[in-house]
Amino acid sequence: MTTTTMAVTDAGDERGSRGQRPRRERGERRSGGQQSRPLVLPSTMTVQYLAEVLNQSAIDVIKQLMRNGIMASMNQVIDYQVATLVTTAFGIRTSMAPEPAAAAVRAAALIGEAADEAEDLIPRPPVVVVLGHVDHGKTSLLDYIKSSRVADREIGGITQHMGAYQVEAGGGPITFLDTPGHAAFTAIRARGARVTDIAVLVVAADDGIMPQTVEAINHAKAADVPIVVAINKMDLPGADPERVKRQLSENELLVEDWGGDIISVNVSARTGEGIDDLLENLQLVAEISELRANPGKRASGVIIEAKLDRKRGPSATVLVADGTLSVGDYIVAGTATGRVRALMDDKGKNIAQVPPGAPAEILGFGSLPEAGDRLTVAASDREARSMTGRRERSRITQSRALSLEEVVNRVNLGDVKELNLILKADVQGSLEAIRHSLERLVDEDAKVRVLHTGVGAVTESDVLLASASDGVIISFSISAEPSAERLADRMGVEIRPYNIIYQLIDDIELSLHGMLEPVSTEVIVGRAEIREIFGGRRGTQIAGCRVTDGRMVRNGAVRVTREGNAVAQTTISSLRHFRDEVNEMNAGTECGIILQGFNDFQTGDILEVYRQERARR
């Protein structure tokens, strides 16, 4: 059959890409004269979120990314610059959310909602986590602030649970998280939840910095939250705050008294000395951070703890991050669903609503959620159950192993690329030698970031920190605790053991170079010459072509060249052989081709199908 006959047949039966026309029309409506203002996007977002706000299918968005040499899945996070590559292709004007609204927009992107308008945002209370060495006075400090003796009711004065409390202090409310330690704080981060705005590091003035204090510092740094130091137990005879400040400087925390920017306050949880000063400084840090939320939307938040009560059923402590949670709302947290039967504040009082930044105990879940699960409100029970299915699939997708190769292969779209490491060694001398060698491995585009170092076996705390920070654990001449190995296996964290320093350094150096931005090279897949041109339905032009080289691929990126000059770049929306829609046509065959958004064919034009290949430098 000749090209002419085949093309005419296609003209009478042109129905390819049925689903693409409505999407194209939606894009035209968004990009035409009816778009009164640009679409506001956050600085980072998931591909799925971008597809939803553009009213396009996720597959079409992924295709546009691939045409620009970017391989991404629906759940992968991209930045605003990458998103504009897609919006430009759809003809949609965009702008990036300004600060301070950007933080709220990022939160909306994570829960799949449209960005808030700046006028809808109001200040919200800061969420403060209290970290420090065991028995340095974390609970006693919080106990004094909220004027109730929590520590007296707990075994040995050591916190046995994770609670959330809100107090009126320093001119406004402050929400405190009372954690059993930095491991619990990091465990919530490891599940993808950013719950805190400020970290208070409690250091006993008589003991100084202890090993758990160093771990707490590193976990707070990895969480990228402002740190305020509370030097506690100033009422004791052996209190030496200057020694504590010197030790802090040795751990890269330079307090304001020493010319740095870290706020430190001398306090006593027993006498109340310095407590008012501490609260005022927390409010100051919160004011600088410009924390805002939209109380008029459906609530979203994070599960802080969950327990099964034999009388009341599943209960959970929730921290509302945005929106307002009300009795009667349909709720989803992880794979647990339910309807809010009752809400209680931190004093045990029944309340009807929970505003942004406030904690509450919630009753109504059908099953027990997990600490760190993101809580959202659904419009109905049916929607809630549908959301659990999507989250379960997302959780399975995100649980793949986090090996050194996996970290290296992740394309970081920021200006600086970092390889996060946790170092554990047998002795301090080896640890320092390895750390100094690794920190010298700095390239113009990539660098090593040592999140935490320690002497001794790899612990569960190390695994949690690696999981929360997309890091890798490097162990030198030591093993891991059995419980840490099991946790690492469950969370997909790699523990790489070494016994020879130069092998360790070589591996990390190779990995570091592997993180450099790949080079994109264009590869011509095939060429075809237009022999005839025929009209199709709805004004579509069909190019009757003969493939002269390689192969033509449906949905492939294509360039139209005329007398050696490129006149258009688009994609092949339909590729036909006789009446059949086909995926590809090889050299020497004839086919009918319809291009996405291009009809200005001329006989003799050359169609070049190409792809971008990425290779390490």
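On a predicted model such as this, the values are computed, not experimentally measured, just so you know.
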Provide the closest heavy-atom pair for L131 versus A199 in the form atom of the first, atom of the second, distance. CD1-CB, 4.5 Å
Specify the closest pair of heavy atoms between A379 and Y330, including all atoms of both residues, with the distance to one decimal. O-CD1, 3.9 Å
Verify the distance criterion only: is there a donor paired with an acceptor across the side chains of Q166 and T175 at less than 3.5 Å? yes
Apply salt bridge (charged side-chain N to carboxylate O under 4.0 Å, His left out) to the pair K221 and E215, showing each step before the final yes or no. CA-CA 10 Å; K221 286 181 178 179; E215 288 192 4; over 6 Å; no
Hey, is the main chain of R246 close enough, under 3.5 Å, to the side chain of S249 for a donor-acceptor pair? yes
I275 pairs by side chain to side chain contact (heavy atoms under 4.5 Å, CB included) with which of T271, L279, D277? L279
Output yes when a side-chain donor or acceptor of N251 lies under 3.5 Å from a complementary backbone atom of L248, and no otherwise. no
Show your reasoning for whether side-chain contact (heavy atoms from CB on, under 4.5 Å) applies to D197 and V225. CA-CA 6 Å; D197 305 306; V225 294; over 6 Å; no
Determine whether a donor-acceptor pair (N or O, by modelled atom type, separation under 3.5 Å) exists between the side chain of N420 and the backbone of S469. yes
Scan T317, V130, V200, I304 and name whichever one has a side chain to side chain contact (heavy atoms under 4.5 Å, CB included) with L177. I304
Distance-minimising heavy-atom pair for P173 and P125: O-CB, 3.5 Å
CD1/I303 to CG/L319 distance, rounded to the nearest 0.5 angstrom? 10.0 Å
Find out whether N294 and K297 are in side-chain contact, i.e. whether some heavy atom of one side chain is under 4.5 Å from a heavy atom of the other. yes
Euclidean distance, S264 OG relative to I231 CD1, rounded to 0.5 Å: 5.0 Å
As an exercise, state the distance from NE2 of H219 to CG of L201, rounded to the nearest 0.5 Å. 12.5 Å
Donor-acceptor pair, side chain of D470 and main chain of A466, under 3.5 angstrom: no
How far does CG of L282 sit from CD1 of I145, to the nearest 0.5 angstrom? 7.5 Å
Heavy atoms of A230 and V267 approach each other most closely as CB-CG2, 4.1 Å
Looking only at non-hydrogen atoms, find the nearest pair between A316 and F365 and report the distance. CB-CE1, 4.2 Å
Let me confirm one number: the CG-CG distance from L308 to L368, rounded to the nearest 0.5 Å. 6.0 Å
For the pair E242 and K245, find out whether any cationic side-chain nitrogen is under 4.0 Å from an anionic carboxylate oxygen. yes
Set out, in order, the CA-CA distance, both residues' side-chain angles and the distance that settles side-chain contact (heavy atoms from CB on, under 4.5 Å) for V302 and V318, then state yes or no. CA-CA 6 Å; V302 177; V318 62; over 6 Å; no
Chi angles and distances behind the side-chain contact (heavy atoms from CB on, under 4.5 Å) call for M344, L363: CA-CA 9 Å; M344 286 153 284; L363 298 178; 3.8 Å; yes
Could you check if a side-chain atom of V493 sits within less than 4.5 angstrom of a side-chain atom of I473, using non-hydrogen atoms only? yes
Distance-only donor-acceptor check, side chains E287 and Q283, under 3.5 Å: no
Passes side-chain contact (heavy atoms from CB on, under 4.5 Å), N218 versus V450? Steps please. CA-CA 9 Å; N218 292 330; V450 179; over 6 Å; no
With a cut-off of 6.0 Å (strictly less than), are more than 12 heavy atoms of other residues, nucleotides or ligands near CD of E256? yes
With a 4.5 Å cut-off on side-chain heavy atoms, are L431 and V455 touching? yes
Side-chain ion pair, E361 and R312, N-O less than 4.0 Å: yes
Check for a donor-acceptor pair, side chain of S289 on one end and backbone N or O of V285 on the other, with a separation under 3.5 Å. yes
Going by atom types only, do S461 and H452 share a side-chain donor-acceptor pair under 3.5 Å? no
Just by distance, do the side chain of D206 and the backbone of G238 share a donor-acceptor pair under 3.5 Å? no
pair I198-V127: side-chain heavy atoms closer than 4.5 Å: no
State, with a plain yes or no, whether a side-chain heavy atom of R374 is found less than 4.5 Å away from one of T376. yes
Are any side-chain N or O atoms of K424 and backbone N or O atoms of A457, one a donor and one an acceptor, separated by less than 3.5 Å? yes
Separation between CG (D345) and CG (N350), nearest 0.5 Å, reads 8.5 Å
Would you indicate whether the side-chain heavy atoms of K233 and S268 approach each other to under 4.5 Å? no
Under 4.0 Å between a Lys/Arg side-chain N and an Asp/Glu carboxylate O for D329 and R339? no
Side chain to side chain contact (heavy atoms under 4.5 Å, CB included) with V354: of V327, L325, I362, only one passes, and it is L325
Could you check if a side-chain atom of F476 sits within less than 4.5 angstrom of a side-chain atom of L423, using non-hydrogen atoms only? no
So, are R486 and E460 salt-bridged, with charged N and O less than 4.0 Å apart? no
Considering only NZ, NE, NH1 and NH2 on the basic side and carboxylate oxygens on the acidic side, decide whether D322 and R292 come within less than 4.0 Å. no
Would a 4.5 Å heavy-atom cut-off, applied to side chains only, mark L253 and I227 as touching? yes
So, for L451 and A222, which heavy atoms are closest and what is the spacing to 0.1 Å? CD2-CB, 4.2 Å
Carboxylate-amine/guanidinium contact R270 D235, below 4.0 Å: yes
